Colleague: 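Below you'll find the structure I mean.
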Amino acid sequence: AWVRQRHFRHHRRVVHRWPPPLAVPAAAQVRAPASLKPVPLRPSGVGRPDFGAVQDRVAYVPAAVPRLRTERSRRGRKPRYMTQERRAAYSGLVEEAEQMCAAHYELSSQATAESARRCFEFFIDEYKEERPDMFWGPADLGLSWKASLHNEISLMIWATWMVRIGLAPSTVTTYMSLVRTTIEAELGWRLTLSEFQLRLPKLLRRLRKMYATVRKKRLGWRAEHHRKWRRLVGYPTTEPLLLADAVMCVAREGLARIAELAPARADEFDEQKHPTIGDLSLQEPRREGDLRHMVLWMLPAKKAPGKAHKMPVPLPEASGGEVGAFSALARMLRARQVAAGWHGALFDADGAVAGLPADAPLFAHSASGASLTKAEMVDFFAKAAALLGLEGKVSGHSGRIGGATDHFAEETPPAVLQICGRWDSDLWQVYTRQCIDQTLKYTVRASKCADTAVEEIFDDYTQPAVVAAGV
C-alpha cells in the first residue's frame with residue numbers, strides 16, 4: 001500500500017487512504033483510466049490488504065508500471081547496471097560460470113563426498129543387525145512425525161559414532177551434509193521434517209561439546225620443539241634432513257596444511273595447486289627498518305570453488321637460522337642447485353630462484369625431481385615427534401597447530417592471526433592450545449587487580465547481560 005501511494009503521488013493521482021471507510025459515495029470514487037487494471041482490496045483487521053478476496057472497494061495500479069527516472073538516479077548519476085563500461089560480454093560470463101561449475105565436479109572436490117559415502121556404508125554394515133531399518137520412508141500422506149524422528153535419530157547415531165572413532169566435528173558435519181543431500185536426491189524425498197531439520201545443527205553442536213574429550217590429542221609442532229630437534233640431529237646436511245627441516249619450518253611459520261604443500265601422490269602434482277620454484281621469491285628491504293624476507297605463494301585449502309587462488313605468505317629472515325623457514329628453504333634450495341650443476345647466486349636480480357626450473361616442485365627429491373607426497377611430509381613430523389618423545393596424533397595440521405599456538409602465546413592480535421593463517425572466520429581458536437606460562441602470567445596479574453566495577457560506583461546502574469554469540 002505504501003509503494004502504491006508513493007507511485008500515485010508521483011503521477012498526481014488521487015489515492016484513497018487506508019483503511020477505507022465502510023461506505024464510499026459514488027461521486028467520490030475515481031474513474032480508472034484505460035491503462036490501469038483493478039486490484040481488489042479489503043481491510044484485514046490490522047490495516048493490511050488482502051489481495052485474495054473480492055471486495056466492494058477498488059483501487060487501481062498501472063498495468064505496466066512506467067520506468068521512473070531512467071536517465072539519472074536521484075543523486076544525479078546513472079545506476080551501475082546502466083553503465084556501459086560495466087557491461088560484460090556474454091561469452092565471458094558463460095566462460096566464468098562454466099569454470100566455477102567445473103570446479104564443483106573436479107575429482108578433488110568429489111573425493112570428500114566419496115569418503116563420506118564410504119564411511120556411511122561402513123556404518124550401516126557395522127550395525128545392520130542392531131538397526132536394520134536405517135531410514136523410514138513417507139506414507140501416503142507424506143512423511144510422518146514418527147518417521148522423521150526415526151531418521152533424525154539414525155543420523156545422530158551415525159554422527160556420534162564418527163565422533164567416537166576420532167573424526168573432527170567439522171568433518172562430521174560435512175559428512176552428514178553430503179550424505180544427507182545425496183540420499184535425499186536419490187530417494188526423492190526429505191529424510192526429516194523441516195522443523196527437525198532446523199534443530200539438527202543445534203544437536204550437532206551439543207554433540208561436539210559432549211564428546212570434546214573423546215577426540216585424540218593432536219600434536220602441534222612448536223618452535224621450541226624444532227629447536228630441540230635441531231640440537232639432536234645437528235646441522236642438516238643430508239637431503240632427508242634438509243627436506244624435513246624445510247617442510248616443518250614452512251608448515252609451522254607459514255601456518256600451512258600439508259595438503260597445501262604437496263599432493264597425495266607424486267604424479268598428482270599440479271603447479272596451479274602446489275608450490276613451485278617460481279612461487280618463491282626474495283624481497284629485499286625497500287626502506288630503512290624493513291625486514292628481508294621471502295614470499296611463498298600458496299593455494300589455501302578448503303576454499304569455495306571460484307575463490308581459490310594462491311596467496312602470498314611472508315617468511316622473514318629474522319626468524320633465525322635454527323627455526324626460521326627462510327634459512328631452511330635457502331639450505332634446501334642451495335643443495336638442489338649444487339645437484340643440478342648451478343654454483344651461482346641463490347637468487348637472481350629479480351628475486352627469483354636461479355638455476356632451477358620455475359615450474360618444478362618446491363619440495364622435491366633432487367635425484368628424480370619428483371614431488372614429495374603428503375604421507376612423506378607427515379612422516380617427517382612423526383619421526384621428529386618420536387625422537388623427542390612427544391605424545392599426540394601427528395597429522396597434516398601439526399605445523400599449523402603449533403604455529404597458531406606460538407602466535408597465541410605471544411599475544412598476536414586475533415585479526416592478524418586470522419589473516420596470517422588465511423582463515424575466513426574465527427576458526428583459528430580451534431588450532432590454538434593453552435600455554436602454561438601465559439596462563440600463569442595473567443593469573444598473577446589478575447590477582448593483583450584493584451580496579452572498581454562500574455556497577456559498584458553507580459547504584460542505579462546494572463550492566464546488561466550481553467553474551468557473545470558462539471558455536
Side-chain angles (χ1 to χ4, degrees), residues 104-139 141-218 257-259 264 301-305 374 378 392-397 401 424-425 427 429-431 470-471:
H104 284 281
Y105 294 91
E106 290 183 354
L107 295 179
S108 58
S109 301
Q110 301 299 319
T112 306
E114 294 177 1
S115 300
R117 191 59 183 263
R118 287 195 301 267
C119 178
F120 183 66
E121 292 174 353
F122 181 84
F123 168 75
I124 293 177
D125 296 338
E126 187 75 12
Y127 297 96
K128 59 183 177 181
E129 296 182 0
E130 292 84 350
R131 200 173 184 83
D133 298 330
M134 189 62 63
F135 297 120
W136 290 356
L141 299 179
L143 189 66
S144 64
W145 177 87
K146 189 174 182 179
S148 175
L149 180 60
H150 173 85
N151 297 341
E152 186 178 14
I153 293 176
S154 298
L155 292 173
M156 291 305 302
I157 293 175
W158 179 43
T160 307
W161 174 78
M162 287 190 289
V163 174
R164 293 297 295 270
I165 65 177
L167 294 183
S170 58
T171 305
V172 173
T173 305
T174 302
Y175 278 15
M176 288 194 66
S177 176
L178 293 173
V179 170
R180 181 174 183 165
T181 304
T182 305
I183 293 177
E184 290 179 347
E186 293 178 356
L187 297 178
W189 43 268
R190 290 185 175 275
L191 295 177
T192 58
L193 297 175
S194 58
E195 54 266 26
F196 294 100
Q197 182 180 359
L198 294 176
R199 200 177 73 230
L200 188 58
K202 298 181 181 179
L203 294 176
L204 287 176
R205 288 195 290 269
R206 291 179 179 270
L207 182 69
R208 175 179 180 176
K209 297 179 180 179
M210 186 185 304
Y211 292 101
T213 59
V214 179
R215 295 175 53 197
K216 296 181 180 179
K217 183 188 298 184
R218 302 175 68 181
R257 307 176 181 90
I258 293 300
K302 299 183 179 180
K303 292 293 183 181
K374 292 192 295 185
V378 173
K393 179 184 177 182
V394 178
S395 66
H397 292 254
I401 294 173
D424 291 336
S425 63
L427 191 62
Q429 301 179 22
V430 181
Y431 289 81
V471 179

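Please read all numbers here as calculations on a predicted model, not as lab measurements. For the single chain, residues carry numbers from 1 onward in sequence order.
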Colleague: Locate the shortest heavy-atom distance separating A147 from G137; write the atom from each residue and the value.
Modeller: CB-O, 4.2 Å
Colleague: Is the shortest heavy-atom distance from the side chain of W158 to the side chain of V179 under 4.5 Å?
Modeller: yes
Colleague: Evaluate the salt bridge (Lys or Arg N to Asp or Glu O under 4.0 Å) criterion for residues E186 and R117: first the C-alpha distance (whole Å), next the side-chain angles of each, then the deciding distance (0.1 Å), finally the verdict.
Modeller: CA-CA 13 Å; E186 293 178 356; R117 191 59 183 263; 3.4 Å; yes
Colleague: Counting only N and O atoms by type, is there a donor-acceptor contact under 3.5 Å from the side chain of T160 to the main-chain atoms of M156?
Modeller: yes
Colleague: Can you confirm whether the side chains of S154 and R131 place a donor and an acceptor under 3.5 Å from each other?
Modeller: yes
Colleague: To the nearest 0.5 Å, what is the distance between NE2 (H150) and CG (L191)?
Modeller: 10.5 Å
Colleague: When you look at F122 and E126, which way does the side chain to side chain contact (heavy atoms under 4.5 Å, CB included) test go after all the steps?
Modeller: CA-CA 6 Å; F122 181 84; E126 187 75 12; 3.8 Å; yes
Colleague: Nearest 0.5 Å, please: how far is CG in L178 from CD1 in I183?
Modeller: 11.0 Å
Colleague: Can you tell me how the ring of F120 sits relative to the ring of F135, calling it parallel under 30°, perpendicular over 60° and tilted otherwise?
Modeller: parallel
Colleague: Does any N or O in the side chain of H397 come within less than 3.5 Å of the main-chain N or O of I258, such that one atom is a donor and the other an acceptor?
Modeller: no
Colleague: Enter the distance from L155:CG to M176:CE here, rounded to the nearest 0.5 Å.
Modeller: 4.5 Å
Colleague: Over 60° means perpendicular and under 30° means parallel, so tell me whether Y127 and W161 are parallel, tilted or perpendicular.
Modeller: perpendicular
Colleague: Going from CD1 on I157 to CE on M134, what distance comes out if it is rounded to the nearest 0.5 angstrom?
Modeller: 7.0 Å
Colleague: Nearest 0.5 Å please: distance from the OH atom of Y175 over to the OG atom of S115.
Modeller: 4.5 Å
Colleague: To the nearest 0.5 Å, how far apart are NZ in K374 and CZ in R257?
Modeller: 11.5 Å
